[in-house]
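Whatever order the structure lists them in is the order used to number ligands and atoms, beginning at 1. All of these numbers come straight from a predicted model, not from anything done at the bench.
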Amino acid sequence: MGLKDKLTELKRNALEEINDAKDLKKINDIRVNLLGKKGPITEVLRGMRDLPKEERPNVGSFANKVRDELSNAISERKERIEIIKTSKRLEEEKLDVTLPGVPVKIGQPHIIMQVIDQIEKLFLGMGYQVVDGPEVEEDHYNFEMMNLPKDHPARDMQDTFYITDKFLMRTQTSPVQARTMEKHDFSKGSLKMISPGKVYRRDTDDATHSHQFHQIEGLVIDKSITMADLKGTLQLIARTVFGKEREIRLRPSYFPFTEPSVEVDVSCFKCGGDGCSVCKQTGWIEVLGAGMVHPNVLKMSGIDADIYGGFAFGLGPDRFAMLKYGVDDIREFYLNDMRFLKQFSQRG
Ligand code: FA5
């Protein structure tokens, strides 16, 4: 048998073997055996030594052609095996869209956020702006600009966590008053703002006190604001959040940054006013402090206190949430027990 015939037969057998290959290992073995240095094609080419010189180019180019054809056939088969493999995998991974899905747990705003949102909506509706302030605050804004110079005895009521001599964790949202007043351009109209956020105090935790809680500051500055405006606004907040059935009362109080000052109490949700452990037997729970902005505070923020005046308040959304939903311990809000938190769907 001549070399060309040998090559033709080799090609026929090899093509059959290639087309029968079922996996990548097999096709790889065929490639190595057939086209490798010790393979049959190399063997045939070696036999060319014995051919007459004039026949060698003809047989040589035929052998190269056979090698190329087999090499292409191997690549095509390999591709085909890969396609089959992928489609088998897709077949296995087929998704049954009729199967019931895994339920997605949809969260909800924290109960305190619900109260804050409700109060924000009320004030946005009355044209107030909502302002943010830093929680790590300067002593200058937290105390001094609020008419509490260093060594003022009223600083004791709001001891806090100090970062440095200059910076502290703010004890109240009131410093946002000063920050906003400093920037406000009164030629463009009155200032009406609220500022919700976290505050910190070195208070001992109990049923109604936490060392970290929330406040919403409110401030209105204009030319003819009176205590009646303040009272009307406070009544509106109480009615919006608690409904008409709960009573509020205003008590004279003292804050260095307001004069006169009041503290506002809401009748206790648990005893309805008779006295119990939640309200410390008083029948009332204090929810906010307020008053008419002290002239010193206005002056320090560059406002003419002979022309302008206003009211301010600072309310505690944690206490509001306790009263609104009948929660008898403020610490429940911070324990992150989902069984507790899940009870309060969005009702704001
Ligand atoms: C103040 O913080 C004043 N800055 C409020 C204010 C603003 C008065 C503007 C006048 C003008 P007070 O310390 O009373 O005031 O706190 C205000 C409210 O925060 C309280 O009525 C109460 O609702 C809440 N609060 C105070 N301490 C705590 C505490 N430890 N845990 C939870 N809530 C608290």
Side-chain angles (χ1 to χ4, degrees), residues 111-112 115-116 119 131 133 137 141-143 145-148 152 154-161 169-181 193-221 225 227 229-231 233-234 237-238 241-242 248-266 268 278-280 282 284-294 296-298 301 309-324 327-334:
I111 179 171
I112 294 174
V115 170
I116 292 176
I119 295 172
V131 184
E137 183 54 284
Y141 284 107
N142 195 77
F143 289 129
M145 292 293 275
M146 289 290 105
N147 209 21
L148 276 145
H152 192 290
R155 282 195 179 205
D156 282 355
M157 295 193 300
Q158 298 189 8
D159 198 8
T160 184
F161 307 96
M169 300 309 288
R170 67 176 177 185
T171 58
Q172 48 184 354
T173 41
S174 299
V176 189
Q177 285 187 31
R179 287 181 174 274
T180 315
M181 280 191 280
M193 70 98 181
I194 59 163
S195 180
K198 289 197 201 84
V199 299
Y200 305 81
R201 283 190 199 174
R202 220 174 144 277
D203 280 355
T204 305
D205 292 359
D206 64 20
T208 52
H209 291 82
S210 173
H211 59 279
Q212 176 197 314
F213 56 101
H214 297 77
Q215 283 192 342
I216 301 179
E217 196 73 13
L219 175 70
V220 173
I221 305 286
I225 303 292
M227 192 98 182
D229 298 311
L230 170 62
K231 196 175 170 197
T233 308
L234 297 178
I237 301 172
V241 179
F242 304 120
I248 66 162
R249 74 171 184 188
L250 271 61
R251 276 183 291 119
S253 185
Y254 168 75
F255 295 104
F257 32 91
T258 45
E259 181 59 36
S261 304
V262 289
E263 222 136 12
V264 180
D265 302 335
V266 176
C268 178
V278 174
C279 58
K280 300 201 174 83
T282 63
W284 299 92
I285 295 180
E286 178 213 314
V287 289
L288 66 89
M292 304 307 289
V293 179
H294 197 291
N296 284 354
V297 172
L298 294 171
S301 294
F311 68 72
F313 60 83
L315 65 85
D318 305 48
R319 300 252 179 103
F320 269 58
M322 288 179 78
L323 285 160
K324 186 172 160 98
V327 175
D328 59 9
D329 197 321
I330 197 169
R331 288 166 288 202
E332 297 279 12
F333 296 138
Y334 299 102

Could you pull out all residues at least two apart from [X] that satisfy side chain to side chain contact (heavy atoms under 4.5 Å, CB included)?
X	result
Met227	Leu230, Pro260, Val262, Met292
His211	Phe161, Asp205
Ala178	Tyr141, Met145, Met146, Ser301

Enumerate, one pair per line, all nitrogen or oxygen atoms of ligand 1 lying under 3.5 Å from a protein nitrogen or oxygen, stating the separation to 0.1 Å; write 'none' if no such pair exists.
from: ligand 1; atom 1: 2 (O); to: Arg201; atom 2: NH2; distance (Å): 2.8
from: ligand 1; atom 1: 2 (O); to: Gln215; atom 2: NE2; distance (Å): 3.0
from: ligand 1; atom 1: 4 (N); to: Gln172; atom 2: OE1; distance (Å): 2.7
from: ligand 1; atom 1: 4 (N); to: Ser174; atom 2: OG; distance (Å): 2.9
from: ligand 1; atom 1: 13 (O); to: Arg201; atom 2: NH1; distance (Å): 2.8
from: ligand 1; atom 1: 13 (O); to: Arg201; atom 2: NH2; distance (Å): 3.0
from: ligand 1; atom 1: 14 (O); to: Glu263; atom 2: OE2; distance (Å): 3.4
from: ligand 1; atom 1: 14 (O); to: Glu286; atom 2: OE2; distance (Å): 3.4
from: ligand 1; atom 1: 16 (O); to: Gln215; atom 2: NE2; distance (Å): 3.3
from: ligand 1; atom 1: 19 (O); to: Gln215; atom 2: NE2; distance (Å): 3.3
from: ligand 1; atom 1: 21 (O); to: Glu286; atom 2: OE2; distance (Å): 2.6
from: ligand 1; atom 1: 21 (O); to: Val287; atom 2: O; distance (Å): 3.3
from: ligand 1; atom 1: 21 (O); to: Leu288; atom 2: N; distance (Å): 3.1
from: ligand 1; atom 1: 23 (O); to: Val287; atom 2: O; distance (Å): 2.9
from: ligand 1; atom 1: 30 (N); to: Asp203; atom 2: OD2; distance (Å): 2.8
from: ligand 1; atom 1: 30 (N); to: Ser210; atom 2: N; distance (Å): 3.4
from: ligand 1; atom 1: 30 (N); to: Ser210; atom 2: O; distance (Å): 2.9
from: ligand 1; atom 1: 31 (N); to: Ser210; atom 2: N; distance (Å): 3.0

**Asked** Between Glu137 and Arg179, is there a side-chain N and carboxylate O pair less than 4.0 Å apart?
**Response** yes

**Message:** Tyr334 vs Phe213, test: ring-ring contact (aromatic ring centres under 6.0 Å, His included). Steps then yes/no.
**Reply:** CA-CA 9 Å; Tyr334 299 102; Phe213 56 101; 9.0 Å; no

**Item:** Main-chain N/O of Asn147 paired with Asn296 side-chain donor or acceptor, under 3.5 Å
**Value:** no

